[in-house]
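Here the structure is laid out as structure tokens; the discussion comes afterwards.
Predicted, not measured: the structure shown is a model, and the values here were computed from it.
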Amino acid sequence: MEDVLAVYTRPHDPARPLVCLDESSKQLTKETRVPVPMKQGQPARVDYEYERNGTANLFMMFAPLEGWRHVKVTDRRTAVDFAHALKDLSDIHFPNAKQIVLVQDNLNTHKKASLYEAFPAAEARRLVERFEWNSAGIESGVELDRELPLQNVSIDLPTAL
């Protein structure tokens, strides 16, 4: 844990952005009755009943010193999904970074091996070297259930949703 605290106290370096990554599985629900819209002097009414409509996985990526957040939504939480989230982080969101300082929890899919499962060896090795890997133990500090302001947040949704 001291290693991660040392990472958090480093000075800001735009060439090596600090990015925290965590994920959360969320149940998707569907209304069973049409909500009643708000009227003058009466709040909107939504029935408590719902229908289960599958699940989705949220990869939350947060670069606190850059003022940047991104949510990648996937159908599942697999090693391959994690690998694709890292590839997007490297090649789309921080393509000009010399190296990305990654802080994450120690979930079973949060391994360099996930990149080798998803990509050919040369591409996996390129991506492994794009990151400085740091484990924060159980939790990385990104709280997905807490309400965050929606400014500066981008969300990727799978086309199947």
Side-chain donor or acceptor of [X] paired with backbone N/O of [Y] under 3.5 Å:
X: Thr9; Y: Ala6; value: yes
X: Arg16; Y: Gln99; value: no
X: Trp133; Y: Gln104; value: no
X: Asp81; Y: Thr78; value: yes

Could you tell me the separation between the [atom1] atom of [X] and the [atom2] atom of [Y], rounded to the nearest 0.5 Å?
X: Leu28; Y: Tyr50; atom1: CG; atom2: OH; value: 11.5 Å
X: His110; Y: Leu102; atom1: NE2; atom2: CG; value: 8.5 Å
X: Lys111; Y: Ser135; atom1: NZ; atom2: OG; value: 7.0 Å
X: His70; Y: Asp88; atom1: NE2; atom2: CG; value: 6.5 Å
X: Leu89; Y: Lys72; atom1: CG; atom2: NZ; value: 10.5 Å
X: Phe59; Y: Thr74; atom1: CZ; atom2: OG1; value: 5.0 Å

Check your understanding: Just by distance, with hydrogens left out, do Glu132 and Asn134 show a side-chain donor and acceptor under 3.5 Å apart?
Key ->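 There is such a pair between these side chains.
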Check your understanding: Are there more than 12 heavy atoms of other residues, nucleotides or ligands under 6.0 Å from atom NZ of Lys87?
Key -> yes
With the side chain counted from C-beta on, respond yes when [X] and [Y] share a heavy-atom pair under 4.5 Å apart, and no when they do not.
X: Thr29; Y: Asn53; answer: no
X: Tyr8; Y: Cys20; answer: yes
X: Leu21; Y: Phe82; answer: yes
X: Phe119; Y: Arg126; answer: no
X: Pro17; Y: Glu66; answer: yes

Revision key, fill the gap. The residue among Leu86, Ile100, Leu115 that forms side chain to side chain contact (heavy atoms under 4.5 Å, CB included) with Arg130 is Ile100
Point to revise | Derivation and outcome, salt bridge (charged side-chain N to carboxylate O under 4.0 Å, His left out), residues Arg77 and Glu23 | key: CA-CA 8 Å; Arg77 187 203 81 205; Glu23 73 295 312; 5.0 Å; no
